[in-house]
Amino acid sequence: RRAKRERTGVVEWTPGLDSTQRVDLRQLTELRSGLRNGHLRLFYQPLHEATSRKMSGVEALVRWQHPQRGLLPPGVFLPDAERSDVILELTDWVLAEALHQAALWKRAGHHVPVSVNLPPAYLAQERAVPTILALLQLEQVPADLLTVEITETAVLTNPDEVAAQLSALRLRGVRVAIDDFGTGYTSLGLLPRLPVDELKIDRSFVVQMHDSPAHATIIDSVIAIARALGMMVVAEGVEDEPTAADLARAGVDLLQGYHLNRPTPPEAVPLVPARPLTAVV
Ligand code: C2E
Ligand code: MG
Ligand code: MG
Ligand code: MG
């Protein structure tokens, strides 16, 4: 790793830096202290059953409440974090916070399954599974209230290792989703061997389904594959009613997108059924 870094002429170094790409070290250092000083927030975006439109759970999405720059979306700070050890500490915090919130909802009488994004580097740690199980135990949250979202990249870097980790989680009841499905390089042949409950069709397919027959066909194929393998299908990035209706008709199980709900702080999550079916535009 070191030699590679020197070859490309990148001279900055930070503990755990895992890429030859340049990172904004000042912002990364600031993120680490922001994390320790309680400046990160989790927003939650509901997922809805495609036909009934009932809320079926939420996805936790991290934000950085920066003292000077305001509320920052993950695109601003996650790519750098993912090239360093900061991502491990950040993910520990995200898991703890999301499960704590699930416990608060549970105690208030609401059944709210929570999905958490797990970066490849996190799953690569031996402590990943025991840490997640310990957090569930600590918060007294049933394992099936947690879904971990992994990307195809995570799977590909080490399919057998990752499959073993995911199997261990699933054995305890944690659900597993593949995020941004269709944008990575998962060989379809690998899919039947992966312990997965859910495929999340990437927004790029969903936004183009009305303009491009090819994208609509790909969505139909993903649905067929998921059916054959006994997996649920989630469509992300649903921005209008015609798209929602067509996805439901095509057989998508769950919908997520601005049309249904935007990510919000936990207190603003609508714990009653969202936009009714009749609200057709
Ligand atoms: P993702 O996991 O695929 O999350 C969905 C992203 O799409 C979120 O962006 C969400 O706000 C956005 N989105 C949802 N519905 C719509 C829609 O209808 N239209 C459009 N244009 N966008 C929509 P966000 O929150 O900015 O997060 C971006 C990505 O950052 C996430 O993509 C995920 O890969 C990563 N991320 C977010 N939170 C975390 C986290 O806590 N840990 C890790 N490791 N990654 C995270
Ligand atoms: Mg996700
Ligand atoms: Mg996604
Ligand atoms: Mg996505």
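All values below come from the heavy atoms of this structure, side chains included, with hydrogens, waters and symmetry mates left out. All ligand and atom numbering here is 1-based and tracks the order in the structure.
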Nearest heavy atom to atom 38 (N) of ligand 1: which of L90, V207, V62 does it belong to? V62

Under 2.8 Å from the Mg ion (ligand 2), is there any N, O or S atom belonging to N117? yes

May I ask whether R63 places a heavy atom under 4.0 Å from ligand 1? yes

Any idea which atoms of ligand 1 are less than 4.0 Å away from a heavy-atom of V94? 41 (O)

Pair K200, E59 - check salt bridge (charged side-chain N to carboxylate O under 4.0 Å, His left out), show working. CA-CA 12 Å; K200 295 191 81 170; E59 177 175 6; 3.0 Å; yes

Using a strict 4.0 Å cut-off to heavy atoms of G257, name the atoms of ligand 1 that fall inside it. 15 (N), 18 (O)

Show me which atoms of ligand 1 lie under 4.0 Å from any heavy atom of P263. 11 (O)

Looking only at heavy atoms, is any part of D180 under 4.0 Å from ligand 1, and if so is it the side chain, the backbone, or both, or is it neither? side chain

Ring geometry between Y44 and W105 (parallel below 30°, tilted from 30 to 60°, perpendicular above 60°): perpendicular

Please determine if Y258 has a nitrogen or oxygen closer than 3.5 Å to a nitrogen or oxygen of ligand 1. yes

Would you say that E236 contacts D202 through its side chain, given a criterion of any heavy-atom pair below 4.5 Å between the two side chains? yes

Could you tell me whether any N, O or S atom belonging to D180 is less than 2.8 Å from the Mg ion (ligand 2)? no

Taking the side chain as everything from C-beta on, heavy atoms only, tell me whether M55 gets closer than 4.5 Å to V58. yes

Can you confirm whether Q165 sits close enough to E126 that some side-chain heavy atom of one is under 4.5 Å from a side-chain heavy atom of the other? no

Just to check, does E59 reach to within less than 4.0 Å of ligand 1 when the distance is taken from its heavy atoms? yes

Side chain to side chain contact (heavy atoms under 4.5 Å, CB included) between V86 and L28, intermediate numbers included: CA-CA 8 Å; V86 177; L28 190 57; 3.8 Å; yes

Looking just at side-chain N and O atoms, do D240 and H210 make a donor-acceptor pair shorter than 3.5 Å? no

Contact (N/O only, under 3.5 Å) between L78 and ligand 1: no

Give a yes/no verdict on whether any heavy atom in D179 is under 4.0 Å from an atom of ligand 1. yes

Those atoms of ligand 1 less than 4.0 Å from some heavy atom in V238: 18 (O)

Looking only at side-chain N and O atoms, does Q208 offer a donor or acceptor that is under 3.5 Å from a partner on R203? no

P119 heavy atom under 4.0 Å from ligand 1: yes

Run the numbers for me: atoms of ligand 1, each under 4.0 Å from some heavy atom of E236, listed by number. 3 (O)

To the nearest 10°, what's the angle at the Mg ion (ligand 3) between atoms OD1 (D179) and OE1 (E236)? 110°

Among the N/O/S atoms of E59, which is closest to the Mg ion (ligand 2)? Give the atom name. OE2

Taking only heavy atoms of Q45, which atoms of ligand 1 are found under 4.0 Å from at least one of them? 10 (C), 14 (C), 15 (N)

For a side chain to side chain contact (heavy atoms under 4.5 Å, CB included) check, start with the C-alpha distance between V206 and T243, then their side-chain angles and the critical distance, and finish with the verdict. CA-CA 8 Å; V206 173; T243 305; 3.7 Å; yes

Any heavy-atom pair between the side chains of L254 and M232 that's under 4.5 Å? yes

Path from L104 to L145 over hydrophobic side-chain contacts below 4.5 Å: no

Under 4.5 Å between side-chain heavy atoms, counting indirect links through other Ile/Leu/Val/Met/Phe/Trp/Tyr residues: same cluster for V238 and M209 or not? yes

Please indicate whether any nitrogen or oxygen in H259 is less than 3.5 Å from any nitrogen or oxygen in ligand 1. no

What N/O/S atom of E149 is the closest to the Mg ion (ligand 2)? OE1

